[in-house]
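Order of listing sets the numbers, starting from 1, for every ligand and every atom in it. No hydrogens, no waters, no symmetry mates; every other heavy atom, side chains included, goes into these values. Fair warning: this is a prediction, and the values are worked out from it, not measured in the lab.
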Amino acid sequence: MDWSAIIYATVLLLVLLPRSASDDRLVLGKPLVPGTTIVSDGSVFALGFFSLADSTPANLYLGIWYNDIPRLTAVWVANRGNPATSGTSSAPPALTLTNSSNLILSDASGRVLWTTNVTGVSGSAATAVLLNTGNLVIRSPNGTTAWQSFEHPGDTFLPGMKIRVRYRSRDGERLVSWQGADDPSPGSFTFGMDPGTLMQAFIWNGTSPVARTTPWTGYATISGQFQVNSSSSVVMVSLAVVRTEEEMYLAYSLPDGSAHTRFVLTYSGEYQLQSWGSSDWAVVGKWPANECDLYGQCDPYGYCDGTVTAPTTPTCKCLDGCEPASLEEWSRGRFSQGCPRKEALRCGGFVALPGIKPPDKFVLVENRTSEECAMDCANNFSCVAYAYANLSSRGTMGGMRCLVWSGELIDTERVGDTAGSDTLYIRTAGFDAVTRPKNSAVKIVLPAVLLSGILILTVTGTSLAWFKFKAVSFQDITAVTNNFDRSFIIGQGGFGKVYKVTLDVREVAIKRLSKDSAQGIAEFRNEVVLVAKLQHKNLVSFISCCIEGDEKLLVFEYMPNKSLDALLFNNSRKTMLDWPIRFNIIKGVARGLLYLHEDSRLTIIHRDLKATNVLLDGPMRPKIADFGMIRIFSDSQENANTHRVVGTYGYIAPEYQTEGVFSVKSDVYSFGVLVLEIVSGVRISSTDNIKGSPGLVAYAWKLWNEGNASDLVDSSIAESCALDEALLCVHVGLLCVQDDPNGRPLMSSVVSILENGSVSLPAPEQPAYFAERNCNKAVEGDDVQTSRNSMTMTVLQGR
Ligand SMILES: *[C@@H]1O[C@H](CO)[C@@H](O)[C@H](O)[C@H]1NC(C)=O
Ligand SMILES: *[C@@H]1O[C@H](CO)[C@@H](O)[C@H](O)[C@H]1NC(C)=O
Ligand SMILES: *[C@@H]1O[C@H](CO)[C@@H](O)[C@H](O)[C@H]1NC(C)=O
Ligand SMILES: *[C@@H]1O[C@H](CO)[C@@H](O)[C@H](O)[C@H]1NC(C)=O
Ligand SMILES: *[C@@H]1O[C@H](CO)[C@@H](O)[C@H](O)[C@H]1NC(C)=O
Ligand SMILES: *[C@@H]1O[C@H](CO)[C@@H](O)[C@H](O)[C@H]1NC(C)=O
Ligand SMILES: *[C@@H]1O[C@H](CO)[C@@H](O)[C@H](O)[C@H]1NC(C)=O
Ligand SMILES: *[C@@H]1O[C@H](CO)[C@@H](O)[C@H](O)[C@H]1NC(C)=O
């Protein structure tokens with residue numbers, strides 16, 4: 001006997017042996033009928049007919065289920081909405097593989113209940129194989145896959161499946177829920193990749209979003225550990241989002257030997273991670289996990305705080321820069337009206353919100369560094385927020401991910417410091433005054449690199465410092481000022497320093513408030529919010545602001561001739577201010593003040609008008625600056641009381657200094673002092689050139705009363721002086737510094753008098769000298785705090 005021949009014959013026999021019906025495949029001419037199954041090679045999955053509920057006649061579904069657990073768990077159903085009846089033993093429903101490489105499910109009468117619809121594949125040698133992954137595959141005779149059930153998923157996402165979205169066609173696989181526990185027909189819930197942004201996954205109810213993942217953050221894979229139950233095994237799930245040239249997909253894997261584990265979209269719309277315990281499925285993860293996961297729970301411009309732990313329930317809060325649309329609703333815990341943007345808030349900074357699941361409806365901008373991403377957003381007025389991530393630093397092959405938002409910020413959640421969280425930078429207002437030349441349109445294309453991201457499972461994490469302020473343009477400013485180099489300083493005072501730099505081909509003045517400045521965040525915001533709204537040729541133009549840590553910066557138009565006091569009280573430079581210029585300055589300041597008091601939509605009191613706060617542009621036109629002390633009133637309020645008197649000695653009206661009462665007439669008083677200073681060239685706090693009078697105001701009134709008002713005029717401008725104008729100014733100045741606020745004219749009268757002249761002005765009352773007795777206590781450039789009559793008095797010296 002030739003043993004080699006026997007071995008050869010045996011091998012041949014085995015190969016040629018026909019496969020039985022309980023094999024792992026279906027071949028031509030051997031239909032699958034109820035009562036028989038196809039079992040995968042490793043016996044994990046079975047394909048066959050099953051019924052779900054007791055009914056007569058039985059509703060039969062063709063499907064795939066776990067073969068090795070006692071509970072029937074279908075992971076895929078062919079005829080979901082089209083059940084077969086059991087038929088007869090001679091004419092049962094049957095699954096047949098055709099000679100065109102299609103699977104056809106037909107019922108007893110031959111009606112086609114389901115088919116694979118493969119076209120263009122012919123050959124009688126095709127087979128349908130149930131793989132041990134649960135994938136039913138039709139193999140062409142040449143070995144290629146003609147069709148596979150993994151590309152036509154039901155409600156279950158198994159390891160090895162891909163939930164894809166194709167960039168070009170924007171379609172791909174979606175899980176589709178069942179209608180009910182015993183009804184596999186397609187329900188209204190679906191799960192899949194977002195065809196809009198291509199960067200997140202959704203659960204939808206019909207076309208409405210139910211829940212949204214965070215945009216992929218660039219994790220190649222993340223492994224989650226899930227405890228099946230408190231005493232037994234732990235499931236390790238490695239999730240991945242993979243991006244290729246044509247598509248992006250979601251996939252996951254389990255280590256060998258793991259308990260059966262699957263993602264399933266339940267008929268109630270929950271995306272669950274289930275793992276088989278000893279006797280039942282355990283839900284080891286679910287999404288949405290809490291109210292905050294529900295899409296648009298707090299839209300728009302609100303965020304849902306998902307970091308709170310029981311018993312506190314998640315609540316909606318407004319993103320910084322917003323306030324609730326309806327306080328009443330918010331206090332009742334209902335948020336349907338959301339948070340609108342504060343219309344007035346137009347400052348160039350961004351507020352950084354760490355630990356955020358970024359809102360929906362973003363646009364991906366390619367190839368941006370963090371600075372470029374910030375500038376892109378800052379420079380485009382329609383951009384309301386951005387988020388930046390360096391995907392490479394997160395261990396993937398990706399590049400920079402710059403997301404920008406325009407319009408509403410919907411579905412923002414605070415998730416804390418979790419794997420998928422981002423820092424969201426929300427614009428607190430417009431940076432529109434500083435625009436960069438647009439050299440190219442922003443391209444919105446997907447990086448064609450393979451990168452990955454992930455998440456889905458809600459993980460609770462520690463919360464970061466919330467609402468830490470950060471201004472994006474701060475880096476720009478440190479760059480252009482060479483980290484606030486002294487050489488850029490053009491002014492200095494108790495408030496801090498002023499730098500002159502060129503920002504985007506424009507000269508600007510940057511006011512950097514000193515860290516110990518008396519101006520707190522509240523006053524800073526006060527200044528910013530108001531100043532951004534005020535537009536008048538006699539008010540300094542605000543460009544932007546930024547806050548970073550305890551740094552507070554304001555960007556204004558640059559005024560080449562600095563502040564009025566620098567010229568007016570400098571013996572060698574005051575000649576630059578001849579009378580026509582001085583008269584124009586007086587009229588300009590009056591118009592600027594009139595605008596604040598009456599012509600802007602609000603009644604605004606400056607509270608700190610003085611020569612240092614009047615800036616001069618190239619042609620010496622005056623612009624009022626420094627709005628840190630500003631107060632707004634509705635028209636009905638004429639006076640207000642304050643316990644904190646702010647301003648500068650000498651310029652503070654007596655009733656404000658003694659009683660804390662201020663009104664537009666307090667500004668009129670300061671204006672009067674300023675007028676007397678401009679005419680005389682004498683500082684209000686000076687004791688020189690006032691011939692022994694207690695102060696400038698008293699000196700001016702004395703000269704006026706004696707009929708010698710012309711002596712008040714600064715001798716250095718005597719030549720250019722139109723005496724009638726100067727005398728008119730002295731008269732107006734003295735009317736403005738009268739003790740009784742009601743006796744002082746309104747700025748509208750002042751402007752009218754200065755521009756048209758007046759034949760019949762009342763004679764000024766003798767002013768009180770209260771303010772002047774304290775003049776010299778103010779030390780130039782210092783903040784002085786004195787306590788008088790239990791009233792705190794804060795004196796802020798400006799530039
Ligand atoms: C395929 O099957 C159809 C009907 O079952 C038959 O008419 C046809 O001849 C078959 N074709 C091949 C190539 O076997
Ligand atoms: C097969 O094609 C028919 C007609 O185009 C369609 O109605 C049916 O839904 C398809 N079946 C499957 C399983 O795709
Ligand atoms: C295998 O067959 C299919 C259809 O019959 C055909 O489209 C495909 O190109 C073939 N592949 C190879 C590698 O021959
Ligand atoms: C899903 O949508 C339907 C129809 O719009 C609605 O009746 C149903 O309440 C929704 N279900 C959930 C859970 O949102
Ligand atoms: C948890 O696991 C233990 C051991 O496998 C098992 O006896 C117990 O029934 C399980 N409990 C649940 C709730 O699944
Ligand atoms: C993005 O950057 C990469 C690498 O620097 C470069 O190859 C690619 O052309 C850039 N894409 C665009 C749209 O600028
Ligand atoms: C500004 O943003 C909007 C919305 O994202 C976009 O349509 C527009 O093209 C952008 N403009 C510029 C100049 O980048
Ligand atoms: C991104 O992160 C990688 C890895 O940490 C680093 O090498 C690279 O410089 C970073 N790129 C930017 C623009 O920050």
**Request:** Select the closest option to atom 8 (C) of ligand 4 among L294, V210, N205, T207, judged by heavy-atom distance.
**Result:**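 Closest candidate by heavy-atom distance is N205.
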
**Request:** Pick out which of V176, V210, N205 makes a side chain to side chain contact (heavy atoms under 4.5 Å, CB included) with S188.
**Result:**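 Of V176, V210, N205, side chain to side chain contact (heavy atoms under 4.5 Å, CB included) with S188 is met by N205 alone.
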
**Message:** F202 and side chain to side chain contact (heavy atoms under 4.5 Å, CB included): which single residue from D360, T197, T213, T190 fits?
**Reply:**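 In the set D360, T197, T213, T190, the residue that makes a side chain to side chain contact (heavy atoms under 4.5 Å, CB included) with F202 is D360.
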
**Prompt:** Heavy atom under 4.0 Å from ligand 4: found in W204's side chain, backbone, both, or neither?
**Reply:**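 Answer for W204: neither.
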
**Prompt:** Distance below 4.0 Å between atom 10 (C) of ligand 4 and any protein heavy atom?
**Reply:**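 At least one protein heavy atom is under 4.0 Å away.
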
**Prompt:** In the protein, what heavy atom is nearest to atom 13 (C) of ligand 4, and what distance, to one decimal place, separates them?
**Reply:**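 Closest protein heavy atom to atom 13 (C) of ligand 4: F189 CZ, 3.6 Å.
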
**Request:** Would you mind telling me which of W65, Y66, W281 makes a side chain to side chain donor-acceptor pair (under 3.5 Å) with T73?
**Result:**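 Testing T73 for a side chain to side chain donor-acceptor pair (under 3.5 Å) against W65, Y66, W281 leaves exactly one candidate, W281.
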
**Message:** Is the distance from the ring center of Y252 to that of F157 below 6.0 Å?
**Reply:**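 Yes - the distance between ring centres of Y252 and F157 falls below the 6.0 Å cut-off.
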
**Asked** Less than 4.0 Å between a side-chain N and a carboxylate O, is that true for K361 and D411?
**Response**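 Salt bridge flag = no for K361 with D411.
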
**Item:** Any N or O of S188 closer than 3.5 Å to N or O of ligand 4
**Value:**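 In this structure, S188 places no N or O atom under 3.5 Å from an N or O of ligand 4.
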
